[in-house]
Amino acid sequence: MTDQTITSVSREHRKFRPSAEFKAQANLGSDAAYKRLYAESVNSPEKFWGRQAKEFLSWRKPFKRVLDWKLPHAKWFGGGQLNVAENCLDRHLGTARENKAALIFEGEPGDVRTLTYKQLHREVCRFAAALARLGLVKGDRVAIYMPMVPEAVVAMLACARLGAVHTVIFGGFSSESIKDRVNDCKAKLIITADGGWRRGKIVELKANVDRAVVNTPSVEHVIVLRRTGQLVEMTEGRDRWWHEFVAGVPAEHAAKAFDSEHPLFILYTSGSTGKPKGVLHTTAGYLLGVTMTTKHVFDLKETDVYFCTADIGWVTGHSYVVYGPLANGATVFMYEGAPNHPEPDRFWEMIDRHGVTIFYTAPTAIRAFMRWGDDYVKRHSLKSLRLLGSVGEPINPEAWMWYHNLIGKKRCPIVDTWWQTETGAIMVSPLPGITPTKPGSCTRPYFGVVPVILDEKGVAVPKGSGGRLFLAKPWPSMLRTLWGDDDRFKKQYWTELEGYYFAGDGARFDEDGYLWVVGRIDDVLNVSGHRIGTAEVESALVSHPAVAEAATVGRPDALKGHALVCFVTLKNGSLASPELKEALRAHVAKEIGALARPDDVRFAAGLPKTRSGKIMRRILKEIAGGGDVKGDITTLEDFSVVAALQSEE
Ligand code: 7RM
């Protein structure tokens, strides 16, 4: 390849300034303040982070050092001790937050439950005490495989309180995935439920655990929450009902303090090949990162009702449903089920009923809302909303504008937050009230974050050109290693360029220094010497009125390097036809340029996605190339989608 930069094809130039009203009340209210703090955070990081750590966290024992950095291993806040559960709960007791709602829960069947900080604290203490009686000690690993119910949060916080290391496994994963993850970290205990509700049906959590534990020698006990009431098999001696397990246990538990670098959780994330990676996060740095970003990026106020739609099985659920919001004493709204049950307006209906003020979701969800139609939104007022967020993928300008107009009613700032399981907390995002936004750009770095875009030789690319995204400085919430595989940790993140963290994404800076992430670098295509991010082709396709969602992959082509193959799902009411195919090819050529004219457009009923909604382009690449689907597909949400695509060839 001669041209190593990614061709910049976006034509998005719209800019949205924060309203004077929003700005006047924002937690961080001036660009000058952001610039001053940002400069300090990168020029004197130890001074900056040391001060923030004292301000945002409650310490049992003050830290002595801010950072020990032996590349690629960071130790933050050495000598310090604290307890994460205490930071999320105990420190709010005896304050005005004590009787404030910590969790407002709504189950899919419509059952609503509120737990105040005091009540949540009691449940966590009781469960932690019961786990301690069972013999669970600091450092033991615990797998949590639960529906989105308050007890999932209780389980996470009880582990944190005891210094046990949790690994949350998304409730949609199969028994095979449970087995692999449990065996990798040798979990002693699995916490699950008899089932959870999803689209009116029961997800068979306990049955999946039963199949997995046949091959997980480390597991001694399984604790089972009664959620659905359906009959499940209980194995004598191994399995315990949650309600029986805690019955009679006093809601008292004296939390111990743990070192700043004590492991907090392992979260498995799929690699493009091979077995999932166990990303390890530790105590103080992680908690500081999520606590600060929750406050600043979501402009969190005491009166907010905050709704992040992510499942706790995803890092977004860890950082922005549980740890970040609770450490700030926020009211978190939590929903168990599907967004289209019983009707596609479930979220909007709940937002009105519970008075949700902050709403954080993923582009894949936004595109689904668009596909379901505006009428479902227009039935509801959404007047309580004041801030919107997006995470998980590049948000195409089309979806951004829809979100802005239909959900935000042009009134709510949108924070497009770029970060990863590995970064623990938000790295790049607008600060609402300060940063003018551009549809599709995650804009500017958060404090302490230094994103750089480099070509294959490690040379910075000029503004406007694309390249590979790196982070140039360590940050408190960074992953510490991959569980049991430090070599893979070094190889995956730290060897592309000595001293820099390799994010694996392709990106560019525009003329204002705004960051545009165009997707995973493996998804960047080389078409006749031009490197094109798949996200930009997809964004062009989705700007056509007939298209709901699109995924673009490359098929090896002797002439061009890569031929562009586009998979497209259509909006309700649009019909697939050869004419539409031609129209879409022409549309992309018009939007981006002839070089990006798709070689092939294929209509599909659905696209293969991970549980967290990311399109699995690797699978589409294999389908486009006419080969078998190989490699790890344990994160695939629905295999029937793949089968349908293959049968259409
Ligand atoms: C939080 C999360 C990480 C990958 C990341 C990107 C993509 C996430 C954005 C985004 C563009 C965004 N963790 N990504 N957020 N791309 N703009 N705002 O998603 O580990 O599951 O995924 O997701 O490719 O590297 S994750």
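For reference, positions follow the sequence shown, starting with 1. In listed order, ligands and their atoms are each counted from 1.
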Centres of the Phe16 and Trp400 rings: under 6.0 Å? yes
Practice task
Establish, for the pair Arg480 and Phe489, whether the NZ or CZ atom is under 6.0 angstrom from the six-membered ring centre and no further than 45 degrees off its axis.
Solution key: no
Sorted by chain and number, sequence neighbours left out, salt bridge (charged side-chain N to carboxylate O under 4.0 Å, His left out) with Lys621 holds for none
Exercise. Would Phe307 and Tyr360 count as a close aromatic pair, with their ring centres under 6.0 Å?
Worked result: no
Distance filter under 4.0 Å, heavy atoms only, around ligand 1 gives Trp314, Val315, Thr316, Val391, Gly392, Glu393, Pro394, Asp416, Thr417, Trp418, Trp419, Gln420, Thr421, Asp505, Val517, Arg520, Lys614
Query raised in the report: Can you tell me if His296 and Tyr446 form a side-chain donor-acceptor pair at under 3.5 Å?
Result: yes
Looking only at side chains, do Thr552 and Thr534 share a donor and an acceptor under 3.5 Å apart? no
